[in-house]
Structure formats: structure tokens, C-alpha cells
Amino acid sequence: MHNKTIAELSQSLAQGAFSSVELTQTYLERIERLDPQVNSYITVTADEALAAARQADARIKAGTAGTLTGIPLAQKDIFCTNGIKTTCGSKMLDNFISPYDATVISNFKQAGAVMLGKTNMDEFAMGSSNETSFYGAVKNPWDLDAVPGGSSGGSAAVVAARLAPASTGTDTGGSIRQPAALCGITGLKPTYGRVSRYGMIAFASSLDQAGPMARTAEDCALMMNAMAGFDDKDSTSIERDVPDYSASLNQPLAGLKVGLPKEYFAEGLDNDVASAVQVAIDEYKKLGAEIVDISLPNTGLSIPAYYVVAPAECSSNLSRFDGVRFGYRCDNPKDLEDLYKRSRGEGFGTEVKRRIMIGAYVLSAGYYDAYYIKAQKSRQLISQDFKQAFEKVDVIMGPTSPTVAFNLGEKTDDPVTMYLSDAYTIATNLAGLPGMSVPCGFVGQRPVGLQIIGNYFDEARLLNVAHQYQQHTDWHTRAPEAFR
Amino acid sequence: MSIERSDIEKIAHLARLEVAEADVPEYVRNLSNVFDLVAQMDSVDTDSVEPMAHPMEMVQRLRDDVATESDQREHFQQIAPQTENGLYLVPKVIE
């Protein structure tokens, strides 16, 4: 049961091969037995899951079920879940029982999906290795000495370890695609504004976007059908029709123009990762794609610009955690300033404090033009690079991450080294474009991801391009031996 | 660019963050490294470039100025550290 995709499970449930309760129990039993090795869940919601599964079984029996009815899913602990602890990986929210549901959560509830629990993540989604979580690091199911990537590390690990058929993630600078690559699964970061951010705890509001993480592109499409759409409650949500993401999966790729940016294959890219990506590109040639060399000349600006924009927005967003209305409050504050400073000083971890301080600095009097405006100008240049590229090509391909998963503890002492692991993913967030990561090989036992970047609102094409590759390769079907 | 101890103290105060004395040297070192990275932006001339406000050049959506939320104060205050008579309690601000 635990090796089936959502598409397969949905069919089995419809045919009565097993019930949603049986399926949910199978996953809950696996989580209890195997998750202590991986640490991928912060909260497991067994009672609520079984109750939802019983309701789903009733819907299936009554003939009112949809594709996701009765399907167990894991939700990143950044999405508010009514009545259930929502921590964002932080001590600050260790006592926070959300009083409402995020729109993504209510969309899945309406579809009849079953939530197994909340997945571990870097604190407030700030990290590339899942090591900044207050709840401890997640281990990579392919190699327990390696990081799973981040910030959606728990969400990637649950799918790789078969502790959920699929999960949700959020991506501010690569936080869906990089862990998807490092854990050998499929993940999609949609266009900025495509999926509602309501109830998704904010990190950097001009970059944050939620998306699906699953074994296959086909499953990501099924999840996108439930996740995407306009939401009045999110002021940045985009009013635009949502296509049926499953409908175009089988379109042939003959004539597809694939751009390879030379900057994504330059210095800093691991040779073995480069070879695996090249083999994937050769496969696309066989499928009829035309490969075009392109350039995104301002790629080098993306990490510097990101580390102004994201911390600036985070320092503003995280000012709401003040020890007054919810979340952590320090003991015996002597006055209001002491309450603010110690609640925040004790409630936030080191990386979060670092980013709040960077943000406070770049936004402080006299520095705004030199940093924030300069970064927004750099962002314009990065965005123009993509606009010009998409006049010539349909999609852009390259590696998702410059290396495979690194070892736990390897990069924790030097934040700048850690930041460089998002070198190929950050530019798409700065430009607001959709991007995917698809498993395309291994270096040793650690997985490699192929990144596919699309034009605005071209998620259906990305899913089609990924699905066709998965019809001709089997990397996405591999599972780590200890979790088969 | 090098960040000084006094910068850390100033921005920690601006951000209302208590930073332990022992951690200050590490913040000085790490933030200096981050600002060295950020300084790479200066290698590109952006004088004639418009700052990007939104990837799709959209403007903020507006709505009519009418109340749409119902009063859920009691529900929301259940998770507050300290409340009294519907108010959030903090240490005395005015003597």
C-alpha cells in the first residue's frame, strides 16, 4: 500500500481494494515504527486522521468522492491548522494551537484528504538543511548521515521514506525544490500568487509560495488541482482561472524548446551532478525536445539580492511575535521592553535572529537605498533575463542544487556556505516564476534533482514536461532500502 | 563590509531582540560575511533600472471599506499568554 502513488491509491480506494481507514492505519503504523530514525514529523494527528478517514470512506461509499478523498497527506508545519499545534519549527510557537485553518488546509479538507500530521522544517522556513528546527534536524532517508535539504526537509523526507504518499511545502528561495532534489522526490513551486498564502506563516511575503511535494509529477498535478486558485483572504492572490493540471500531462514533447543557461553549469557545480543532469537532458532530446543554449547573465546577483530582500521582509513579518497575543512569553518580564526582548531572544533560534538583524540593518535609517532599493533593482535585472529567455524557449533546465545532500553539521558553522546551496533556485523566486525539481539520478546513494523552470502560470506545462520524462525513466520510483 | 559590535547592539535593540553577550562576536563575524556577500550587488550598475515592485507589475487589490470579519475575540484570546476582561495584559507601561 505504501509504495503506491496518489493516482494509484485513488483508484484502489474507488475500487474498494482497501479503505481509507486501512490506508491511514498503515501510514500511522509506519510513522510510529520508522520516523524515530528520520524525525520528519513534529506532530502526528492520529485521532483526527482516523476520523477524517472514516468520513472519507463514507463519501467513497456514497459516490461523492473526488480524486483526493481518503488520501493521507502530510502538511508542512508552516500551515495553520485549526485546533492543532502549528510551530513553524520554532520554540516561539511551541505552545501555539492555531485558531483557524490556512486556505491550503481547508482546500484539502474540502477535497476529503486525510492529514497524517505536521512535518518538521527549518525554523520559520529559514534554512537549507532542516538543521535550524527547534525540534532537531531531519535525516535524509537515503543516507541518515546526510541532511534532507530545507526548509521543507520534513515534507521531502516523509515522501522519500514512504511515511506519507505526498506532502505540502513552501518555497521562498528553493525550499520545495532543493529538499525534493536531495531526497529524490518531485516538487513544484508555483508562480507567485497562484496558491493562497492565507494562514501560511509569513517569512518573505514577496517571495513565499506553497506547492506540492510527491513521488510523481502526476501526483503534483492532482494536488495542484486542489491547492491553486484565487483567495480573497490573500491580498497577493491572483485572479486567474485554474486549468485542470492533469489534463495536459500526456501531451507529447516533440518540438519543445529547452533552454540551458550556461551560468547554471559553471563553476561551483559538482561534476557528478552535472553528468546526471546531462543524461536527463539527453533523454529529453530523445523525446523530441530541441536544446537551446541561453544565458541568464545576472544570475550572480540573485543570492546577494535575496539576502537583502528576504531578511528585510522577515524582520518586518516576524515583528508580530512579541510575547503579547500568542506564542512564547519569557518568565517575569520586568517591563514591556524586557518582555519584548527576552520573549524574542529566548523564543527565536540563532539563524532567525541573524536574519532579523540583517533585515533590521538594511531597513534602518540611511541604508534603505543602498540595500533594499539596490536589491529590488537587481531583482528587475534578474527578472528581465528570464523574460528575454522565454522569448526563445518554452522551459529552462539545469541542476536544482549544485551538490547532492551534504552531511549533517557540515555547513552549520558558516551561513554563507549554506546560502550558496540555493544558487540555482533563488532567481526564480526573485522573478516570481514557477519551478520544479524532478529526480534524475544518484551520486553514490544520494539523489540528484533536475530543475525545470517555466514562464508565469505555466505550471501545467512544467508538470507535462516532468510527467513525460517520468514515463520514460524510473528514478522517481526508487525508494531507500530501509524504507521500502 | 565589516560589522562592528556597536552595530550588533544597535540593530538588536531596533529589532527588540535580546542577544547574549557571549554570542555577539559570532554575530559580528557572520553578519560581516553576509554583508560581504551582499556587496557583490555593487558590481552591477543599476542607475537606470526601475526597482521591481511586483513580478507581474500588479498593484495592491483594494476592497470596499466594510467590516467582513466577525468578532472572535474570546476564541483568539484563548491562546494568549495573559488576558483580563478581554484585554491583553503586559507589564505596567505608565507608572
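In what follows, every chain begins at residue 1, and chains take the letters A, B, ... in the order their sequences are listed. All values below were derived from every heavy atom in this structure, side-chain atoms included, with hydrogens, water molecules and symmetry-related copies excluded.
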Leading residue by heavy atom contact count with chain B [cutoff under 4.5 Å; candidates A/Leu318, A/Leu339, A/Ile358]: A/Ile358
B/Phe35 ring center within less than 6.0 Å of A/Tyr371 ring center: yes
B/His54 ring center within less than 6.0 Å of A/Tyr192 ring center: yes
Side chain proximity check, B/Leu31 to A/Tyr361, heavy atoms < 4.5 angstrom: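 No; the side chains remain at least 4.5 Å from each other.
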Sub-4.5 Å side-chain heavy-atom contact between A/Glu239 and B/Arg61: yes
Please state whether the side chain, the backbone, both or neither of [X] comes within less than 4.5 Å of a heavy atom of chain A.
X       : answer
B/Asp42 : both
B/Glu26 : side chain
B/Leu89 : backbone

Audit row: A/Arg325, B/Gln77, side-chain hydrogen bond (donor to acceptor under 3.5 Å, both in side chains) steps and yes/no: CA-CA 7 Å; A/Arg325 289 153 305 153; B/Gln77 287 198 332; over 6 Å; no
Contact summary for A/Asp413 and B/Asn30, nearest pair of heavy atoms: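 Between these two residues, the closest heavy atoms are O-OD1, 4.1 Å.
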B/Gln40 (side chain) donor-acceptor with A/Pro304 (main chain) under 3.5 angstrom: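 No, the answer is negative, given that no donor and acceptor are paired below the 3.5 Å cut-off.
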Part of A/Gln384 within contact of chain B (heavy atom distance under 4.5 Å):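 It is neither, since no heavy atom gets under 4.5 Å.
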Residue-level interface, residues 10-17 of chain B with chain A, non-hydrogen cut-off under 4.5 Å: B/Ile11, B/Ala12, B/His13, B/Leu14, B/Ala15, B/Arg16, B/Leu17
Ionic contact status for B/Glu50 with A/Arg379, cut-off 4.0 Å: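 The answer is no: the pair does not qualify as a salt bridge.
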Pairwise distance CG(A/Leu381) to OG1(B/Thr46) - rounded to 0.5 angstrom: 7.0 Å
For A/Met357, the option from B/Val34, B/Asp7, B/Ile3, B/Val19 that meets side chain to side chain contact (heavy atoms under 4.5 Å, CB included):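 Only one of B/Val34, B/Asp7, B/Ile3, B/Val19 forms a side chain to side chain contact (heavy atoms under 4.5 Å, CB included) with A/Met357, namely B/Val19.
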